[in-house]
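Comments concern the structure below.
Order of listing sets the numbers, starting from 1, for every ligand and every atom in it. Every heavy atom of this structure was used, including side-chain atoms; hydrogens, water molecules and symmetry mates were not.
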Amino acid sequence: MGQPLILPDAEATESLAATLARALPEDAGGWTILLEGELGAGKSTFARALLRALGHQGTVPSPTYTLVEPYSFPNYTAYHIDLYRIESADELEFLGWSDLQDGLKLIEWPERVPQLRKAADIRVKLRYDGAGRAAELEGLSVRGSAAVASMVPPHTEVSP
Ligand SMILES: Nc1ncnc2c1ncn2[C@@H]1O[C@H](COP(=O)(O)OP(=O)(O)O)[C@@H](O)[C@H]1O
Ligand SMILES: [Mg+2]
C-alpha cells in the first residue's frame, strides 16, 4: 500500500478502514494509529468505520469536546482521541494519557504532538483529491508495517 489510494466517496474511506481493521491482531491493545489530514479529510469517517468493523454497534460521537471516547471490545479497549485542542506533549496528561496506553489508540490531529510518531504503529494520511479523498498508509513500527503489508481489500481475488 505504498501508492496513494484514491477514495472517490465516503464509502471508499469506510471500506479502507474496514480493511485495516481486518489486518489488526485479535488483541490490538497497545497499538497506535495516527489519522492525519486537514478538517474534512475523512479522519472521523475512517475512525468510525474502523470501530464498527472491529464490532462496535452503537454511535461513534466525535471526541472534539470530550477529547477521548472509549470503546470496549472483548480483548481490549479502543480510544478515539482528538488532539485538535492540544498544543504540546505536556498537555497530553489533560486527557489521562498514561491511562490509555493499554488500549488501541485512534488519534485524530496527531500533528499537534509530532513526538507521537515515534511510538505509533500506523500512520493514515488523508487528503482532498477533487470531490473525493486520497489516502496513504504507512507502517511506523515493525508490527504496523506488517499489518499494512497484509491488508487485503474486499472482493480481491488472491492468486495462489
Ligand atoms: N473519500 C471521500 N470522498 C468524499 N467525501 C468523503 C470521503 N471520506 C469522507 N468524506 C466526507 O467528508 C466529510 C468530512 O469527513 P470527516 O470524517 O468528518 O472529516 P475529519 O474528521 O477529517 O474532519 C464527511 O461528510 C464525510 O462523509
Ligand atoms: Mg474529525
- Note on the structure: Lys43 heavy atoms within 4.0 Å reach ligand 1 at atoms 17 (O), 19 (O), 20 (P), 21 (O), 22 (O), 23 (O)
- Task: Identify the two heavy atoms, one from Ala135 and one from Leu126, that lie closest to each other, and give their separation to 0.1 Å.
- Result: CB-CD2, 3.7 Å
- Please determine which of Val113, Val124, Leu116, Leu35 meets the side chain to side chain contact (heavy atoms under 4.5 Å, CB included) test together with Ile107. Leu116
- Task: Please lay out, stage by stage, how Ser141 and Asp121 fare under the test side chain to side chain donor-acceptor pair (under 3.5 Å).
- Result: CA-CA 5 Å; Ser141 66; Asp121 294 290; 2.6 Å; yes
- Query: Any idea which part of Glu108 is under 4.0 Å from ligand 1, heavy-atom wise: side chain, backbone, both or neither?
  - Reply: side chain
- Query: Do any non-hydrogen protein atoms sit less than 4.0 Å from atom 25 (O) of ligand 1?
  - Reply: no
- Please state which protein non-hydrogen atom is closest to atom 19 (O) of ligand 1 and give its distance, to 0.1 Å? Gly42 N, 3.1 Å
- min-distance protein heavy atom vs atom 8 (N) of ligand 1 -> Thr13 OG1, 2.8 Å
- Decide whether Tyr76 and Ile122 are clustered together by the hydrophobic rule: side chain heavy atoms of Ile, Leu, Val, Met, Phe, Trp, Tyr closer than 4.5 Å, transitively. yes
- Note on the structure: for atom 12 (O) of ligand 1, nearest protein heavy atom and its distance come out as Arg133 NH2, 3.0 Å
- Short list, please: which atoms of ligand 1 are under 4.0 Å from a heavy atom of Gly132? 3 (N), 4 (C)
- Look at atom 18 (O) of ligand 1 and say which protein heavy atom is nearest, naming residue and atom and giving the distance to 0.1 Å. Ser44 CB, 3.9 Å
- Sub-4.0 Å heavy-atom approach of Ser62 to ligand 1: no
- Within a distance under 4.0 Å of any heavy atom of Pro8, pick out the atoms of ligand 1 and give their elements. 3 (N)
- Those atoms of ligand 1 less than 4.0 Å from some heavy atom in Thr45: 9 (C), 15 (O), 16 (P), 17 (O), 26 (C)
- Spacing of CD belonging to Glu14 relative to CZ belonging to Arg52, to within rounding of 0.5 Å: 8.0 Å
- Regarding Glu108 and Ser44, is there a side-chain donor-to-acceptor distance under 3.5 Å anywhere? yes
- Query: Among the heavy atoms of Ala41, does any lie under 4.0 Å from an atom of ligand 1?
  - Reply: yes
- Note the single closest protein heavy atom to atom 23 (O) of ligand 1, along with its residue, its atom name and the distance in Å. Gly40 N, 2.7 Å
- Query: How does Ala12 reach ligand 1, by side chain, by backbone, by both or by neither, if only non-hydrogen atoms under 4.0 Å count?
  - Reply: neither
- Item | N, O or S atom of Glu108 closer to the Mg ion (ligand 2) than 2.8 Å | yes
- Note on the structure: The protein heavy atom nearest to atom 27 (O) of ligand 1 is Ala10 CB, 3.6 Å
- Query: Going by heavy atoms, is Ala47 under 4.0 Å from ligand 1?
  - Reply: no
- Straight-line distance of Thr13 OG1 to Arg133 CZ, nearest 0.5 Å: 7.0 Å
- Can you find a non-hydrogen atom of Glu14 under 4.0 Å from ligand 1? no
- Task: State the OH-OH distance between Tyr79 and Tyr71, to the nearest 0.5 angstrom.
- Result: 12.5 Å
- Could you point out which residue of Asp82, Ile81, Ile86 forms a side chain to side chain contact (heavy atoms under 4.5 Å, CB included) with Trp109? Asp82
- Note on the structure: Rounded to the nearest 0.5 angstrom, the CD-CD distance for Glu38 and Glu111 is 10.0 Å
- Item | Sub-3.5 Å N/O-N/O distance, Leu39 and ligand 1 | no
- Query: Does atom OH of Tyr128 have more than 12 heavy-atom neighbours, drawn from other residues, nucleotides or ligands, at distances under 6.0 Å?
  - Reply: yes
- Check whether any N, O or S atom of Ser44 sits under 2.8 Å from the Mg ion (ligand 2). yes
- Query: Out of curiosity, Arg123 CZ to Arg117 CZ, how far, rounded to the nearest 0.5 Å?
  - Reply: 4.0 Å
- For Glu38, the ligand 1 atoms whose distance to one of its heavy atoms is below 4.0 Å: 22 (O)
- Note on the structure: Rounded to the nearest 0.5 Å, the CD1 atom of Ile6 sits from the CG atom of Leu16 at a distance of 11.5 Å
- Item | For Leu7, atoms of ligand 1 separated by under 4.0 Å from a heavy atom | 1 (N), 2 (C), 3 (N)
